[in-house]
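Structure, as structure tokens:
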Amino acid sequence: MSTHPGVPAPPAPRRLGPWIRCWSPRPAARLRLICLPHAGGGAGFYRPWAALLPPEIELWAIQYPGREDRFEDPPVDRMDELVTAVTDALVPLLDRPYALFGHSMGSAVAWEVAHDLRRREALGPRRLFVSGREAPGTATVGEVHRQSDDLLCRELQRLGGTSDDVLADPDLRPVVLGYVRNDYRLIETYRPISRPPLRCPIEVFTGEADPELTPQSGRDRAGGWADLTTARTEIHTFPGDHFYLGPRRREVITAVLRRLDPSLAMGAHRWPSTP
């Protein structure tokens, strides 16, 4: 239901089971972009991307439990359980080429999903886009999930991804901190195992002021990601901090399109074309 008279409510996403959301189904699309959110994030984080993609690409986003329209579902705080559930949901749907895009915690989840898909002998990603985090096994692991609510709030404020109004709201704050703490527990207790490198190119995205993946660490074997594939690895730096993806959405999508198929970004339509 619309919250403003005369203004239609935005369309609900297509739910492909509990784990996948699609706001703009495109049955004729020749590529799919599958996006995985950050710690505390949901599929809705990627919703604005759908309108900026050309008709040739269909956007899917993974919906972690415990938030947004899965608020009543119990959260998952183990990487192996999360990856198995996500991969189970994706396997029946990989009927055409696709790429994975993960931001922050989502980059580690995407990397694990790519390995799980290879283990199952499923179609592998054309490219792996990883954003805002050093490579698994390289990234610094803390214990934020063990800290007080006040310290957890300070961490969220440091990264800049959560509104101060939300953190100050006595009703919203405990709800948000509940699933944020769960996700921090997942990523901070996660220990990647050694496996053969992937064979797809890895594109590393970061904000120039991102404290989680600084330009200096990015130049060091692309934050460690270059060691995790036999293919090419490139780093792409954008103005902004850890959540540069919001204000730099158009530039990010253009960079993604150029790496997937230059004709999509450089052709006559010059996507993305929507404000």
Side-chain angles (χ1 to χ4, degrees), residues 19-21 23 32-50 52-53 57 59-64 66-68 79 82-83 86 90 98-114 125 127-136 138-141 144 155-156 158-163 176 179-180 182-184 186-188 190 192 202-215 217-218 222-225 228 233-257 259-260:
W19 288 92
I20 301 176
R21 303 290 177 271
W23 289 273
R32 284 183 171 135
L33 180 63
I34 302 167
C35 298
L36 297 99
H38 53 280
F45 180 77
Y46 292 104
R47 179 176 184 160
W49 289 31
L52 298 178
L53 291 169
I57 297 184
L59 177 80
W60 295 356
I62 299 300
Q63 185 68 295
Y64 304 144
R67 69 213 68 196
E68 294 186 357
M79 178 68 83
L82 179 64
V83 169
V86 170
L90 288 178
Y98 69 95
L100 297 171
F101 187 107
H103 178 58
S104 198
M105 181 185 84
S107 67
V109 179
W111 180 76
E112 287 285 349
V113 165
R127 262 182 167 77
L128 174 60
F129 295 89
V130 294
S131 168
R133 184 175 176 82
E134 294 183 4
T138 301
T140 301
V141 178
V144 174
E155 172 68 7
L156 296 179
R158 179 181 74 91
L159 296 177
T162 307
S163 166
V176 171
Y179 57 76
V180 168
N182 174 86
D183 290 356
Y184 269 82
L186 183 151
I187 197 62
E188 290 179 341
Y190 160 61
I202 297 180
E203 309 291 337
V204 183
F205 285 24
T206 186
E208 61 185 7
D210 187 347
E212 299 296 289
L213 180 58
T214 65
S217 62
W225 289 103
L228 302 185
T233 303
E234 292 188 38
I235 187 164
H236 309 263
T237 304
F238 301 86
D241 55 19
H242 189 61
F243 284 97
Y244 70 94
L245 291 174
R248 297 294 171 176
R249 185 179 300 127
R250 291 174 61 85
E251 294 99 314
V252 170
I253 291 175
T254 297
V256 169
L257 294 177
R259 302 317 299 155
L260 288 177

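Because only heavy atoms are used, hydrogens play no part in the values below, and waters and symmetry mates are left out as well, while side chains stay in. Throughout, numbering of the chain's residues begins at 1 and tracks the sequence.
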ask   = Looking at side-chain heavy atoms only, is the closest gap between Phe205 and His103 below 4.5 Å?
value = no
ask   = To the nearest 0.5 Å, what is the distance between CZ (Phe129) and SG (Cys35)?
value = 9.5 Å
inquiry  = As an exercise, state the distance from CD of Glu134 to OG of Ser107, rounded to the nearest 0.5 Å.
reply    = 10.0 Å
inquiry  = Let's go through Thr254 and Leu52 carefully: what are the C-alpha distance in whole Å and the side-chain angles of both, what is the deciding distance for side-chain contact (heavy atoms from CB on, under 4.5 Å) to 0.1 Å, and is it a yes or a no?
reply    = CA-CA 9 Å; Thr254 297; Leu52 298 178; over 6 Å; no
query = Where the side chain of Glu68 meets the backbone of Gln63, is there a donor-acceptor pair that is under 3.5 Å apart?
reply = no
key: Qualifying residue, where the test is ring pair (Phe, Tyr, Trp, His ring centres under 6.0 Å) with Trp49 and the options are Trp60, Trp23, Phe101   = Phe101
message = Counting C-beta onward and ignoring hydrogens, is there a side-chain heavy-atom pair between Leu36 and Tyr64 closer than 4.5 Å?
response = yes
ask   = In Å, rounded to the nearest 0.5 Å, how long is the span from CG of Leu100 to CD1 of Ile202?
value = 10.5 Å
task = Take Leu213 and Arg133 through the test side-chain contact (heavy atoms from CB on, under 4.5 Å) and record every step on the way to the result.
result = CA-CA 5 Å; Leu213 180 58; Arg133 184 175 176 82; 5.9 Å; no
ask   = Would you say the side chain of Val109 lies within less than 4.5 Å of the side chain of Ile187, judging by non-hydrogen atoms?
value = no
query = How close do Ala114 and Pro125 get, heavy atom to heavy atom, and via which atoms?
reply = CB-CG, 4.2 Å
key: Heavy-atom pair of closest approach, residues Ala39 and Met105   = N-CB, 3.7 Å
query = Hey, are the side chains of Asp210 and Thr237 touching, using non-hydrogen atoms and a 4.5 Å cut-off?
reply = no
message = Let me confirm one number: the CG-OH distance from Leu90 to Tyr98, rounded to the nearest 0.5 Å.
response = 7.5 Å
query = Which heavy atom of Pro48 sits nearest a heavy atom of Gly44, and at what distance?
reply = CD-O, 3.8 Å
query = For Leu260 and Ala99, which heavy atoms make the closest approach, and how far apart are they?
reply = CD2-CB, 3.7 Å
ask   = Can you find a pair of side-chain heavy atoms, one from Glu112 and one from Tyr190, that are under 4.5 Å apart?
value = yes
task = May I ask you to test the Trp19-Leu82 pair for a side-chain heavy-atom distance under 4.5 Å?
result = yes
query = So do Leu228 and Thr233 actually touch side chain to side chain, heavy atoms under 4.5 Å?
reply = no
request  = Might you point out which heavy atoms bring Trp225 and Pro136 nearest each other, and give the distance in Å?
outcome  = CH2-CD, 3.3 Å
inquiry  = In the structure I gave you, are the side-chain heavy atoms of Phe45 and Leu245 within less than 4.5 Å of one another anywhere?
reply    = yes
remark   = Heavy-atom nearest pair, Glu212 first then Gly132, reads CB-O, 3.4 Å
message = Could you measure the distance from the CZ atom of Arg248 to the CZ atom of Phe238? Nearest 0.5 Å is fine.
response = 10.0 Å
request  = Look at the side chain of Arg67 and the backbone N and O of Gly41, then say whether any donor-acceptor pair between them is shorter than 3.5 Å.
outcome  = yes
query = What is the distance from atom CZ of Arg32 to atom CG of Leu59, rounded to the nearest 0.5 Å?
reply = 11.5 Å
key: Lys/Arg N to Asp/Glu carboxylate O, Glu234 vs Arg259, below 4.0 Å   = yes
